[in-house]
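Okay, so here's the structure we're looking at.
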Number of protein chains: 2
Amino acid sequence: MKRQPTIQDVATLANVSTATVSRALNSPDRVRETTRDAVQQAVQALGYTPDFGGQALASGRTNTIGAVIPTMDNAIFARALQSLQEELTTMGVTLLVATSQYDPEREEQQVRALLSRGVDGLILIGQARAARVYELLEGRAVPYALLWTTAPSGQQLSIGFDNSAAAAKLVTQALQLGHRRFAMIAGITKGNDRARARVDGVRATLADAGLTLEPPYLVEGSYDIEQTVGIARALISLPEPPTVILCGNDVQAAGVLKAVRQAGLSVPRDVSVLGFDDIELATAVDPALTTIRVPHRRMGRMAAHLLIGWIKTGQRPDSVQFDTDLIWRASLGPPPA
Amino acid sequence: MKRQPTIQDVATLANVSTATVSRALNSPDRVRETTRDAVQQAVQALGYTPDFGGQALASGRTNTIGAVIPTMDNAIFARALQSLQEELTTMGVTLLVATSQYDPEREEQQVRALLSRGVDGLILIGQARAARVYELLEGRAVPYALLWTTAPSGQQLSIGFDNSAAAAKLVTQALQLGHRRFAMIAGITKGNDRARARVDGVRATLADAGLTLEPPYLVEGSYDIEQTVGIARALISLPEPPTVILCGNDVQAAGVLKAVRQAGLSVPRDVSVLGFDDIELATAVDPALTTIRVPHRRMGRMAAHLLIGWIKTGQRPDSVQFDTDLIWRASLGPPPA
DNA sequence: TTGCGATATGTAAGCGCTTACAAATTTCAT
DNA sequence: ATGAAATTTGTAAGCGCTTACATATCGCAA
């Protein structure tokens with residue numbers, strides 16, 4: 001790359017010191033208007049852009065926050081990041097995104113990588129991870145926010161919703177319709193507290209109604225359509241097939257719809273299907289999915305504000321918990337007579 | 001954040017100079033093995049991580065490449081980025097992602113933002129953008145790659161496929177089945193050369209068969225299911241409805257399926273529907289979509305290699321063009337009798 | 001052993017920026 | 001007008017790292 005103009009060039013052209021240029025750019029109100037204009041003009045004339053390395057080195061800040069999400073392949077994280085990023089951009093902060101592929105080790109690596117790049121703050125999904133990671137964060141005193149979850153400790157900043165209660169809503173609704181034979185295709189719960197909480201919410205609510213949920217009616221699977229088709233096929237060919245199948249997310253629910261269709265059965269006449277997330281897919285499939293609407297965008301926006309607030313003030317803000325809504329669509333109906 | 005150990009601390013502990021530490025870390029083979037071990041040990045003991053700012057400032061490199069994509073909401077970009085990122089990670093390079101929301105101005109802003117963060121290279125989607133942007137890039141001599149397209153000039157590095165030819169494949173197939181009344185719901189072509197090329201490919205192939213494609217049979221719409229439903233509804237209620245509807249991508253195709261279903265018609269009996277991209281959605285819907293499989297992952301991987309090669313050697317590599325496959329699924333059938 | 005080329009290490013000068021602190025200038029009440 | 005306070009600007013010391021160059025050490029042929 002060619003040599004770029006430096007702050008010194010701007011200073012010379014504007015006939016001021018580099019300190020003044022720096023101030024004119026970073027805290028304009030600490031500089032007289034006429035000087036500010038002169039600097040602006042010089043900046044324009046030279047096409048000057050501050051060098052990131054120099055800035056980071058001198059100030060100790062990078063104006064960057066990092067996020068480690070499980071995958072970009074799921075619209076739900078993509079969407080939350082989108083609004084997070086939009087919000088950060090307006091505050092002059094850049095977002096660095098890394099993915100863990102739902103692998104705790106990989107997540108840890110990524111956290112380290114982001115830290116070594118000097119991120120001023122970090123966004124992580126969920127709560128379950130090695131204590132080592134939290135120690136690392138606390139050790140460096142890096143502000144961080146946990147999304148998609150509600151941190152139990154109160155010692156951490158979390159911005160999320162109650163996965164368990166949300167899942168319970170679905171069950172309650174199905175119970176009211178008269179369903180008694182439930183099945184659930186959950187996400188992999190290992191290292192994934194959101195998936196676990198959803199299962200727990202379902203089981204607890206069923207227990208209140210005197211029902212249980214055990215294998216083979218409770219299965220874990222990855223968030224993959226084809227794999228889910230296989231699992232669902234097994235469920236509906238059970239001697240006593242469930243009348244309603246709960247899913248870990250909408251993608252799995254789409255897989256179930258497909259399996260049911262392939263089996264020549266109909267949703268919701270023969271079996272009801274419930275999703276989670278309310279991504280676009282939920283209305284693209286037929287029948288449209290009854291699901292839980294998760295406030296991704298609001299989580300993203302809120303995370304941006306709270307984390308930046310923390311970074312600026314040094315004070316950890318209080319956690320936020322959003323409500324979730326049950327979205328009733330055609331995939332849920334009364335059980336077959 | 002607390003004070004982190006610096007290279008000086010490591011040097012002192014390992015009883016060598018900072019230069020040696022730097023070398024031991026960055027070009028291990030230029031340091032005797034025993035010294036290297038001593039350094040490694042000190043690094044471990046202190047938990048040292050190089051400071052990004054210092055590194056960037058001193059070396060003039062950031063080991064970062066930037067990508068500006070239209071949106072994260074579309075699985076197709078997400079997926080390409082995923083493999084791009086995986087590949088870059090193995091090379092010790094970080095990926096910085098920004099989105100433009102299909103807005104050229106916004107894209108330009110993002111390019112500037114990435115440049116000012118000192119990215120060593122840049123990845124852009126498509127070819128159509130203000131000359132100003134290319135001048136900026138050339139002016140700074142920043143290596144960049146254009147994805148999803150085949151740069152006509154030969155003066156630019158492109159890694160993509162022939163959108164026009166791919167779209168033509170779909171048309172050819174439909175023609176062979178006997179379709180004569182075509183409609184197309186294209187993406188917004190303004191500032192989007194991929195969308196435009198797909199339209200062009202369709203029209204050219206139709207022209208060869210003595211057919212034309214004009215409004216109202218040719219409509220542009222955003223990649224949004226609900227909006228597409230509206231457009232499709234209008235198409236199928238035309239006095240002479242099309243027997244096949246081509247779409248700008250799979251998301252739009254899903255919208256068409258929905259509209260057809262709502263109209264009480266059936267795909268492909270009453271009308272065939274063709275997508276583009278082959279995202280997961282294509283097999284989640286019913287009937288599954290006949291579509292074009294785009295080599296996202298391969299594009300991502302290749303982009304990583306070529307761009308890094310360019311950065312390292314200073315030599316612009318040759319462009320790469322991938323083939324695309326037509327994936328035949330249930331949404332395409334013969335026209336109604 | 002000696003000496004020489006090759007290899008390994010150290011020295012020190014920045015890279016471009018921010019920010020205490022000092023110095024200069026302006027403002028304003030008297 | 002005057003001087004103290006407030007505001008604006010300049011001076012200069014780093015921030016942590018890389019790297020050209022200088023110096024020291026090593027391996028090995030004679």
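Letters go in sequence order (proteins before strands), and every chain restarts at 1.
Pairs engaging residues 79-98 of chain A under the salt bridge (Lys or Arg N to Asp or Glu O under 4.0 Å) rule: A/Arg79-B/Asp73 [sequence neighbours left out]. Among residue pairs with one or both ends in residues 26-40 of chain A, none qualify as salt bridge (Lys or Arg N to Asp or Glu O under 4.0 Å); sequence neighbours excluded.
Residue A/Phe52 is classed as having no contact, given no heavy-atom separation below 4.0 Å to the nucleic acid. At a threshold of 4.0 angstrom between heavy atoms, the contacts of A/Ser22 include nucleobase atoms, whether or not backbone atoms are also involved.
In this structure the side chain of A/Leu147 reaches within 4.5 angstrom of the side chain of A/Ile123, judged on heavy atoms.
One end of the helix from C/dT1-D/dA30 to C/dT30-D/dA1 points its axis 30° away from the other end's axis, with each axis taken from 5 pairs and the angle rounded to 10°.
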Can you tabulate the close N/O pairs, meaning under 3.5 Å, that link protein atoms to atoms of nucleotides 7-10 of chain C?
unit_1 : atom_1 : unit_2  : atom_2 : d
C/dT9  : OP1    : B/Thr35 : OG1    : 2.2
C/dT9  : OP2    : B/Arg32 : N      : 2.9
C/dG10 : OP2    : B/Ser17 : N      : 2.8
C/dG10 : OP2    : B/Ser17 : OG     : 3.1
C/dG10 : OP2    : B/Thr20 : OG1    : 2.6
C/dG10 : N7     : B/Arg23 : NH2    : 2.8
C/dG10 : O6     : B/Arg23 : NH1    : 3.2

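Of the inter-residue distances, the one linking B/Asp318 atom CG with B/Leu306 atom CG reads 9.0 Å to the nearest 0.5 angstrom.
Using cut-offs of 30° and 60° on the angle between ring planes, the pair B/Trp310 and B/Tyr144 is tilted. The aromatic rings of A/Trp148 and A/Phe77 lie tilted to each other, with the angle between the two planes from 30° to 60°.
Protein chain B contacts DNA chain D over a range whose 5' and 3' limits, counting nucleotides with an atom under 4.0 angstrom from a non-hydrogen atom, are D/dG16 to D/dC26.
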Distance-only donor-acceptor pairs under 3.5 Å for side chains of residues 45-59 of chain B, two or more places apart:
unit_1  : atom_1 : unit_2   : atom_2 : d
B/Thr49 : OG1    : A/Arg140 : NH2    : 2.8
B/Asp51 : OD2    : B/Gly53  : N      : 3.0
B/Asp51 : OD2    : B/Gly54  : N      : 2.7
B/Ser59 : OG     : B/Gln55  : O      : 2.8
B/Ser59 : OG     : B/Arg61  : N      : 3.1
B/Ser59 : OG     : B/Arg61  : O      : 3.3

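A side-chain donor from one of B/Thr94 and A/Arg117 sits under 3.5 Å from a side-chain acceptor of the other. A donor-acceptor pair shorter than 3.5 Å cannot be found between the side chains of B/Gln127 and B/Ser158. Neither side chain, A/Gln156 nor A/Ser319, offers a donor N or O lying under 3.5 Å from an acceptor on the other.
Between A/Leu57 and A/Arg61, the residue whose closest nucleotide on DNA chain C is further toward the 5' end is A/Leu57.
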